[in-house]
Amino acid sequence: MGNANNSLLCIRAGLNEISLTACSYYGDEAPEQESRPVDLDASLNVNLRDFLSSSPLARRRYARVAVLADAPYALKPLKYFSVGDEDRIYRHCFHDTAGKRAFFEPVPVLGAAFIFGWDEAAYKVTCDLFPDISVHIGVVGPATHFATAARMASGERLYAWVHENQTDLFAFRNGRLLLGNRYETLTSDDSAYYIMLAVKVLRFDMQHAACSYIAPAPIAGALQSRLSMFLSEVRQLDADTFFAGTALHPVGELPLDLRSFMMYKF
């Protein structure tokens with residue numbers, strides 16, 4: 001795992017936890033991970049600095065080091081997006097941008113680019129140790145799974161990923177992305193509300209629109225029951241099926257966005 005020619009270190013900066021995950025490029029070894037709860041009384045850059053300075057994984061050499069950010073985002077159709085537009089779009093779409101650096105990530109299967117921001121001070125702290133880091137938005141992996149599934153089907157489809165008190169929701173018609181957004185959701189009813197709001201705004205047919213979702217156990221059953229009151233086809237997805245045949249399949253404790261990133265970004 002310490003061979004700089006075939007390994008990746010992923011720094012996942014979540015809302016409640018920061019983790020370091022080292023993974024083989026060839027997927028022939030299970031990932032190694034260290035994690036630490038976020039100290040909510042300290043800034044993100046202080047949390048990162050303290051963690052990176054004390055972590056054994058951070059002292060190894062890697063061929064590639066990437067940050068996986070958990071952040072709000074905007075979507076821009078690729079045909080209307082040019083490199084260099086990300087800062088203007090980010091500042092326009094979000095009001096709380098002070099101290100943030102704008103990034104973008106194109107996703108061809110979605111036909112869109114994610115525009116997001118990450119803490120400038122945290123970026124500098126990480127660059128001090130890993131000068132060639134790249135910064136990515138965590139939701140790209142799950143969104144890629146959803147877009148691929150939508151392109152293999154027809155009709156009106158919604159996909160939701162419920163995690164860490166938020167729901168990422170994507171809606172498609174005949175494989176074409178119509179909506180992609182993140183909502184703060186504390187309960188299953190919160191998630192159901194935003195899913196049904198999308199159905200209403202997009203004028204989906206409730207008798208034929210299909211909704212698939214990934215959610216933690218305490219929420220999944222209640223969400224199924226609530227959505228089934230309105231939609232004819234509601235299905236809970238097993239995230240592990242996305243990784244069948246890879247070293248990432250049995251590592252169910254790793255977050256979906258992290259496993260998806262390690263699979264798609266190789």
Side-chain angles (χ1 to χ4, degrees), residues 1-73 99-101 103 105 114 116-144 161 163-166 168 216 239-240 242-243 246-266:
M1 289 293 298
N3 188 336
N5 292 321
N6 66 353
S7 55
L8 164 78
L9 177 69
C10 185
I11 304 169
R12 183 181 186 269
L15 298 178
N16 303 310
E17 181 182 80
I18 299 174
S19 66
L20 304 181
T21 305
C23 183
S24 164
Y25 268 12
Y26 303 111
D28 52 2
E29 298 178 46
E32 296 180 65
Q33 186 179 56
E34 298 175 18
S35 61
R36 176 181 294 186
V38 170
D39 180 356
L40 300 179
D41 294 324
S43 62
L44 177 59
N45 63 296
V46 170
N47 275 277
L48 270 172
R49 182 197 63 203
D50 292 347
F51 190 15
L52 293 175
S53 65
S54 62
S55 165
L57 282 182
R59 289 193 286 270
R60 295 182 183 179
R61 294 175 58 246
Y62 297 93
R64 182 178 173 197
V65 179
V67 168
L68 197 61
D70 188 357
Y73 52 84
K100 302 288 180 64
R101 183 187 183 101
F103 295 89
E105 186 152 9
F114 285 85
F116 64 101
W118 199 56
D119 188 272
E120 180 78 49
Y123 179 71
K124 291 179 179 177
V125 163
T126 314
C127 283
D128 285 343
L129 189 58
F130 304 109
D132 297 323
I133 64 164
S134 56
V135 179
H136 306 266
I137 182 82
V139 72
V140 161
T144 300
W161 175 38
H163 62 109
E164 298 172 295
N165 292 334
Q166 54 201 9
D168 290 290
D240 280 347
F242 294 140
F243 309 99
T246 75
L248 299 172
H249 178 259
V251 198
E253 69 273 13
L254 293 183
L256 173 62
D257 56 347
L258 177 58
R259 286 200 285 170
S260 298
F261 176 81
M262 290 189 291
M263 185 171 77
Y264 281 118
K265 292 300 179 179
F266 287 170

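Keep in mind it's a predicted model, so treat the numbers as computed, not measured. Along the sequence shown, residues carry numbers from 1.
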Heavy-atom closest contact ([X] atom, [Y] atom, distance):
X: Leu57; Y: Ala22; answer: CD2-CB, 4.1 Å
X: Arg59; Y: Ser53; answer: NH1-O, 4.0 Å
X: Phe130; Y: Leu52; answer: CE1-CD2, 4.3 Å
X: Ile137; Y: Ala71; answer: CD1-O, 3.3 Å

Modelled atom types, side-chain donor and acceptor of [X] and [Y], under 3.5 Å:
X: Glu120; Y: Asn45; result: no
X: Asp132; Y: Tyr62; result: no
X: Ser54; Y: Arg36; result: yes

inquiry  = For Phe51, is there any backbone N or O sitting under 3.5 Å from a side-chain donor or acceptor partner on Ser55?
reply    = no
message = Quick one: does any side-chain atom of Gln33 pair with a main-chain N or O of Thr21 as donor and acceptor, under 3.5 Å?
response = no
Mind checking the [atom1]-[atom2] spacing from [X] to [Y]? Nearest 0.5 Å is all I need.
X: Leu258; Y: Asp70; atom1: CG; atom2: CG; result: 12.0 Å
X: Lys100; Y: Phe116; atom1: NZ; atom2: CZ; result: 12.0 Å
X: Phe103; Y: Ser134; atom1: CZ; atom2: OG; result: 9.5 Å

Which donor-acceptor pairs under 3.5 Å do side chains of residues 10-20 form with protein atoms, sequence neighbours excluded?
from	atom 1	to	atom 2	distance (Å)
Arg12	NE	Asp257	OD1	3.1
Arg12	NE	Asp257	OD2	3.2
Arg12	NH2	Glu164	OE1	3.1
Arg12	NH2	Asp257	OD1	3.4
Arg12	NH2	Asp257	OD2	3.2

Any non-hydrogen side-chain atom of [X] less than 4.5 Å from a side-chain atom of [Y]?
X: Asp119; Y: Arg101; value: no
X: Phe261; Y: Val140; value: no
X: His136; Y: Val67; value: no
X: Pro31; Y: Leu254; value: yes
X: Pro255; Y: His163; value: no

query = Yes or no on side-chain hydrogen bond (donor to acceptor under 3.5 Å, both in side chains) for Asp168 and Tyr73, after CA distance, side-chain angles and deciding distance?
reply = CA-CA 10 Å; Asp168 290 290; Tyr73 52 84; 2.6 Å; yes
